Amino acid sequence: MNDSRHGTTVPAGMHMHHLITATGERTSDELLDEFVSDVDHVTLRGLYRDMLVIRRIDFEATALQRQGQLALWPPLLGQEAAQIGSVRALDPEDFIFPTYRENGVAYIRGANLAGIMSTWRGSANTGWDPHEFNMATPQIIIGAQTLHATGYAMGIAMEGKESLSIAYLGDGATSQGDVHESLVFAASFQAPVIFFCQNNHWAISEPVGLQSHLPLASRASGYGIPSLQVDGNDVLAVLAATRWAARRARTGGGPSFIEAVTYRMGPHTTADDPTRYRGVTELEEWAAKDPLTRLRSYLFNAGMLDAETEAAIAAEADAVAAELRDGCINLPDPEALSAFENVYVDPHPVLDRQREEYRRYLSSFEGSAS
Amino acid sequence: MNDSRHGTTVPAGMHMHHLITATGERTSDELLDEFVSDVDHVTLRGLYRDMLVIRRIDFEATALQRQGQLALWPPLLGQEAAQIGSVRALDPEDFIFPTYRENGVAYIRGANLAGIMSTWRGSANTGWDPHEFNMATPQIIIGAQTLHATGYAMGIAMEGKESLSIAYLGDGATSQGDVHESLVFAASFQAPVIFFCQNNHWAISEPVGLQSHLPLASRASGYGIPSLQVDGNDVLAVLAATRWAARRARTGGGPSFIEAVTYRMGPHTTADDPTRYRGVTELEEWAAKDPLTRLRSYLFNAGMLDAETEAAIAAEADAVAAELRDGCINLPDPEALSAFENVYVDPHPVLDRQREEYRRYLSSFEGSAS
Amino acid sequence: MSKLSLTQAINAGLRKAMEDDPKVVLLGEDIGTLGGVFRVTDGLMKDFGSHRVIDTPLAESAIIGTAVGLAYRGFRPVCEIQFDGFIYPGFDQIVSQVAKLHMRTHGQVRMPLTIRVPFGGGIGSPEHHSESPEAYFVHTSGLRVISPSSPQDAYTMLRQAIASDDPVLYFEPKRRYHTKGEVDLAAPLSAAPEMGSARVVCAGTDVTLVAYGPLVKTAMDAASAAADEGISIEVIDLRSLSPLDYPTLIESVRRTGRLVIAHEAGKTMGLGAEITATVTERCFNYLESAPVRVTGFDIPYPPSKLEKHHLPDLDRILDGVDRALGRTNSQTGMED
Amino acid sequence: MSKLSLTQAINAGLRKAMEDDPKVVLLGEDIGTLGGVFRVTDGLMKDFGSHRVIDTPLAESAIIGTAVGLAYRGFRPVCEIQFDGFIYPGFDQIVSQVAKLHMRTHGQVRMPLTIRVPFGGGIGSPEHHSESPEAYFVHTSGLRVISPSSPQDAYTMLRQAIASDDPVLYFEPKRRYHTKGEVDLAAPLSAAPEMGSARVVCAGTDVTLVAYGPLVKTAMDAASAAADEGISIEVIDLRSLSPLDYPTLIESVRRTGRLVIAHEAGKTMGLGAEITATVTERCFNYLESAPVRVTGFDIPYPPSKLEKHHLPDLDRILDGVDRALGRTNSQTGMED
Ligand SMILES: Cc1ncc(C[n+]2csc(CCOP(=O)(O)OP(=O)(O)O)c2C)c(N)n1
Ligand SMILES: Cc1ncc(C[n+]2csc(CCOP(=O)(O)OP(=O)(O)O)c2C)c(N)n1
Ligand SMILES: [Mg+2]
Ligand SMILES: [Mg+2]
């Protein structure tokens, strides 16, 4: 048995695509440049605003959890560029299959804030209609959604439509059999699906080096699926990479795999204590690569951001946070008998009887003291 | 949806290792030569004898199935070089995890012929003791055994022993999640395991091109597992390739993946009718690459085979076949109550009661007419 | 009316469903060019194309999981699991996704999947080819589970399953694949008995005998044999394993006062347990004797030379009937 | 004697087993450096090394499947499945390999695996974190299934499971993880009650109440409450779910004539079905009323704000006791 600790550094051997450096300089990338040639400063500022807002959402939700208003929250802190860059590359009819951490993506897609919170509060199974926003609800079973995305994309191909599906997945998820089978099916049927892997370096307490010694993006090549590794804290590069994959999907090029290299700056969830398994130096290193800071520097240098615009964005974010808090706190508790709803579409006599028994049981307390 | 038929030709892009051509010429291979520098003509003739014997076993078993003596038989016809070359590269303490098709491997390992037949006759669950021959019994669940081999190898590594395990798998199996998870674990723990994939071009009726557009050996590289593609009908090359992987395993090099490119010349099993899904030209093409013919030519040219030695080998094979037939036909039917045996190691009152009930039931017929 | 084997009836049901609804697609291993290892899908790829009859790579979790994605897209996938014993790699997708997605999405996403599973023993197969895994799915809320025993039911119930907006496990009694029977291919679905209903296939007064799938024929044979001895057995073909049609069962048991349940699956936690429990709850004062279960043993499926012992046959069922009737039987005198 | 929480008792059991036998190794997600998401394996990697406490890549089928390989090599692996709802990706390896290998090899290969599964609800968790999947495994021949309800049992039964040459599913009642109790860490295993035995945790005469895992405490509370009303409940902690300890159950029911079974899992095909069926078979003439099941509903586990309805609590159990005793209860007058 290999006793050595598995590293968390990204192994070499693959080209990491960048467009904006950690200090806010615009660089050029042979593959990606063309995909963002239309992105002007106003658009970039919009992406900055998006990231700031979802960071604010994340803070607010974390606070609500601490206050007992949410049962649990999986922070996205540090992954704003990966989430915003990818979702902003999509068309509204592209179908998204997220994990539990893409709450920022859900917000951008238009899901109602209280709805998003309802799942984490424990008051509802879903906060939005997947068909309304073309986005599935949070998937907790690691890797399962990648098969759904693949099947959905097979359906698009059968219909001959120019659309796509995207599966979000984490670095840890790449070890699951389902993810492999997704790559096999996607390659075999040339399905227009994007595998968007946020390598945030950790799967709860396990460093990415335990899942793979090689860059995760290199996994895809053995299936004949084009892949790339992109700086996941560079929103412009992520946008470009996702557009690259989306164009491939829409033009009959089949599946693509993107590894967005980023970092989970918070705990795995609010129930987690990362001090048990990772040091502060690593955290500090990544703080220096913060996705918001670099874009802020870039925009400042470009004269697109000043104290006033910043204040306006912050106010917008505060308003979103207030709406979130309000919506969350006022979420009604579900009705007891709603537990029996939607288990089946058609009537189910056995369950209907259980429902009736429980209705009787509940009503047996009516009128009784206490 | 891609409506085009999936091809069965081996895709280009990987070097296929050979040592003896289809016409029986010895060629040289930079990587493999050193691993067979000790293989003299006598050894080669021994490999020829092995192949001939297991082909004879296969014919006899097929015949026994046609005669109703076996319930089913999965022929190995065409895969003799892949089976013999690989098993002959192993040490007796190396542990083998086969599929259902490695009946030739089991024979070489020393398993009793009647024992091997007992599973296919339906009279026993196993025909040998895995611990006696360091070989697991046939695995029917596609891909499952690759995890067992990986775990076994993890155990070897924990103990710091110089040994290895080998998992046999088919081309179809590469699509299963379990095989992927095996590669992940093997790579992560640098387990001394050999993944020996016989790409016989078919998974029942499905051509290998449906499972992968790329050579299967290239799948391994995405995990950082060294792999190679070898002519699976060239027994010397298979021997060399397996020794290459075995040396890696024994010297701390971790896992390897071998794709032995061969062909299933018979049906999937005796229950299958391959004329429904494949043409005769393909079969003829592969008949020209027969693993026995080429070694026979080579040995003839080398003066190691003449009519007399051939007759001696044939007689040996006939004797094996006769022993097989005899052993098979005389296998006793299992006792009714043996169905209750070995479900558990320790006593199990619920099952023991069922056994007693069934014993009473059976004895209620005793003495009764009919 | 056409005389069809069970496989032909299933084939006809698939064909009809595909003709009626272009969103019906088939996925599975070897179902296309080969037409399935049992030829159930014979000819369908030729007639409907490889975009609707999809030979998939060899991976059951993906067969189910991509079908879930197809359902999100509005398709009605019919998955074939080649043999009962190969359903377990797809278990997670069935239990955690297929069964739960409708509730998870508050009814906004439907999972009209049909999962076809040839099941049961008696065909002399090696390990993993003769299992009866239905209980796992009956215990899983959110699924419907059915099993036809005749060509007519096979045809009709498959069409109902595909038409159902709930996910349905459709268990095919593979050892009855060659049973022939008259099938009305033209009768409208609306005229058929409900998918969730059981059927009294043989009326009787002394004891209620419940079976499903492959054992319905065995139960009928037992009823004939018993009739010769003057015992009147009422045979009920469950047809639906989830939900169970309790009104039909209860009405019968209240009349006969005695119940025998037969299945190939192991006794512990098999369908017989649930039926015994619920019937006892709801017919306690009508029962003349304890319900009797005649089942496979609690063992992994044995080598095929032993399966005749494991599988309930006519004699074991009749012995169980004797037990229910309080007549001398093989267990008479056994200490409790 | 030491006062330990349930998690501490399990931790102590693992430690003891690892000290006693160098072949005991642990595999699971986050069990090493983190010590498990519930801290059950806290400190073990530090003390035994990362070759014996193995943080595995994120893949349950592989956790089970490599443990099978380790068992072939002579190890005694203890696998942790992080939460109940994550066991299904490993289902195939458990059902088709772990459960069957001993029989498949005529007893020549043993599978002394222990699979630890924190299970059950009541902790306000999201989907897939509160399931009760035990019935699937009880229906699977070749496995043993146990569930402790107290720190002492947790300690002893875990050691028995690891020492057993049969594969054991060990279900940990996660909502009782912080329950404290006296544990005798030094008592020899030979002095402990058998792993397969149930225990009468509270003697009584009017009705037998059967529970396991998390609901044992609830059942005890119900017994206390009932005692105030003059009803004497005998509470049995099953401890072993497979095999079930029928002698203990039957002896009790023959005395009380009445039976109530409580579990969190759904009613249909839950443990209550099997217990009702077998007890009815073997105590038919002793039963004064039909056995009563107080269980979770036949629904996917609901959002946590609804779990208080889904999970049997003291009141629902007492209502079931009233039903068994023929006293007025919530279902009085309900048509059958
Ligand atoms: C099948 C399954 N196994 C285990 C878990 C428990 N679990 C939840 S999140 C997680 C880590 C996931 O890591 P990664 O894929 O990198 O995503 P991240 O949380 O970093 O976004 C684990 C092990 C689960 N949810 N599903
Ligand atoms: C999990 C599982 N699914 C399906 C099957 C049915 N099946 C048996 S063999 C086979 C094809 C295997 O192909 P391959 O891996 O190439 O091995 P080969 O038979 O060619 O040696 C299939 C689909 C099975 N045994 N197990
Ligand atoms: Mg991660
Ligand atoms: Mg093959």
Side-chain angles (χ1 to χ4, degrees), chain B residues 95 97 119 124-132 134 136-141 143-161 163 165 167 176-178 180-182 184-189 191 193 338-339 341-353, chain D residues 22-23 25 27 49 51-52 54-75 77 89 92-93 95-97 99-112 141-144 164-167 194-196 242-247 274 278 282:
Chain B
F95 207 102
F97 291 89
T119 315
N125 276 319
T126 180
W128 65 84
D129 177 351
H131 290 308
E132 184 181 352
N134 287 326
T137 56
Q139 178 58 251
I140 286 177
I141 301 295
Q145 76 285 359
T146 61
L147 282 172
H148 308 165
T150 302
Y152 191 95
M154 286 163 63
I156 293 171
M158 285 176 198
E159 293 171 359
K161 294 278 166 61
S163 188
S165 67
Q176 283 283 9
D178 273 5
H180 161 74
E181 296 185 9
S182 299
V184 169
F185 274 55
S188 189
F189 298 114
V193 52
S338 70
E341 271 162 34
N342 296 314
V343 181
Y344 299 95
V345 177
D346 293 323
H348 189 286
V350 170
L351 186 58
D352 292 346
R353 187 179 165 96
Chain D
K23 287 294 182 189
V25 294
L27 292 92
H51 58 299
R52 290 189 68 196
I54 304 169
D55 266 334
T56 67
L58 207 175
E60 287 77 12
S61 188
I63 291 173
I64 309 295
T66 58
V68 167
L70 285 163
Y72 263 103
R73 182 79 193 176
F75 288 86
D92 177 57
Q93 284 286 341
V95 167
S96 296
Q97 308 298 329
K100 295 189 164 117
L101 265 161
H102 189 253
M103 178 154 166
R104 182 182 302 155
T105 62
H106 294 187
Q108 289 159 157
V109 175
R110 296 190 169 184
M111 283 292 129
S141 304
L143 303 175
R144 292 178 188 271
S164 167
D165 277 337
D166 289 318
E194 269 187 45
M195 189 172 82
S242 180
L244 285 159
D245 177 5
Y246 285 117
E274 180 60 39
T278 299
R282 296 176 62 185

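Please read these numbers as outputs of a predicted model, since none were measured by experiment. Here is how names work: the chains are called A, B, and so on, in the same order as the sequence lines, proteins then strands, and each is numbered from 1.
Between Gln139(B) and Arg104(D), the shortest heavy-atom distance links the atoms NE2-NH1, 3.6 Å. Annotation for Ala136(B) and Tyr72(D): closest pair CB-OH, 3.5 Å, computed over non-hydrogen atoms. Shown here for Pro347(B) and Arg144(D), the closest heavy-atom pair between the two residues is O-NH2, 3.1 Å. Ile54(D) and Met158(B) get closest at one heavy-atom pair: CD1-CE, 3.2 Å. Among all heavy-atom pairs drawn from Phe75(D) and Gly155(B), the shortest one is CE1-CA, 3.5 Å. The two residues Ala339(B) and Met103(D) come nearest to each other via the heavy atoms O-CE, 3.6 Å.
Between chain B and the options Pro89(D), Ala71(D), Pro247(D), Gly107(D), the largest number of non-hydrogen pairs under 4.5 Å is found for Gly107(D). If you tally non-hydrogen atom pairs under 4.5 Å between each of Thr126(B), Thr119(B), Val343(B), Asp178(B) and chain D, the highest count goes to Thr126(B). Interface remark: of the candidates Gly69(D), Pro22(D), Gly196(D), Gly69(D) forms the most heavy-atom pairs closer than 4.5 Å to chain B. Considering only heavy-atom pairs separated by less than 4.5 Å from chain B, the leading option among Arg73(D), Arg110(D), Gln97(D) is Arg73(D). With chain D as partner, the option from Thr146(B), Thr150(B), Val345(B) having the largest number of non-hydrogen pairs under 4.5 angstrom is Val345(B). Contact count against chain B (heavy-atom pairs under 4.5 Å) is highest for Pro57(D) among Pro167(D), Pro57(D), Pro77(D), Ala99(D).
Counting only distance, with no hydrogens or angles, the side chain of Tyr152(B) and the backbone of Thr66(D) share no donor-acceptor pair below 3.5 Å. In this structure, His106(D) contributes its side chain and Asn125(B) its backbone to a donor-acceptor pair below 3.5 Å. No donor-acceptor pair closer than 3.5 Å links the side chain of Asp346(B) to the backbone N or O of Asp166(D).
If you measure heavy-atom distances from Tyr246(D) to chain B, the contacts under 4.5 Å come from the side chain alone. Interface residue Asp92(D): only side-chain heavy atoms are found under 4.5 Å from chain B. Contact of Leu58(D) with chain B is not made at all, since no heavy-atom distance falls under 4.5 Å. Using a 4.5 Å cut-off between heavy atoms, Ala149(B) makes no contact with chain D at all. Heavy-atom distances place no part of Ala191(B) under 4.5 Å from chain D, backbone and side chain included. Using a 4.5 Å cut-off between heavy atoms, Ala67(D) does not touch chain B at all.
Distance OG1/Thr278(D) to CZ/Arg353(B): 9.0 Å, rounded to 0.5 Å. From Ser96(D), atom OG reaches atom CD1 of Ile140(B) across 10.5 Å, with rounding to the nearest 0.5 Å. Between the NZ atom in Lys100(D) and the CG atom in Asn342(B) there is a gap of 15.5 Å [rounded to 0.5 Å]. Atom OG of Ser242(D) is separated from atom OH of Tyr344(B) by 4.5 Å, given to the nearest 0.5 angstrom. Going from atom CE of Met154(B) over to atom NE2 of His51(D) covers 12.5 Å, rounded to the nearest 0.5 Å. Within the model, atoms CG of Asp129(B) and OG1 of Thr105(D) stand 7.5 Å from one another, a figure rounded to the nearest 0.5 Å.
Side chains of Gln93(D) and His148(B): a donor-acceptor N/O pair is present below 3.5 angstrom, by distance only.
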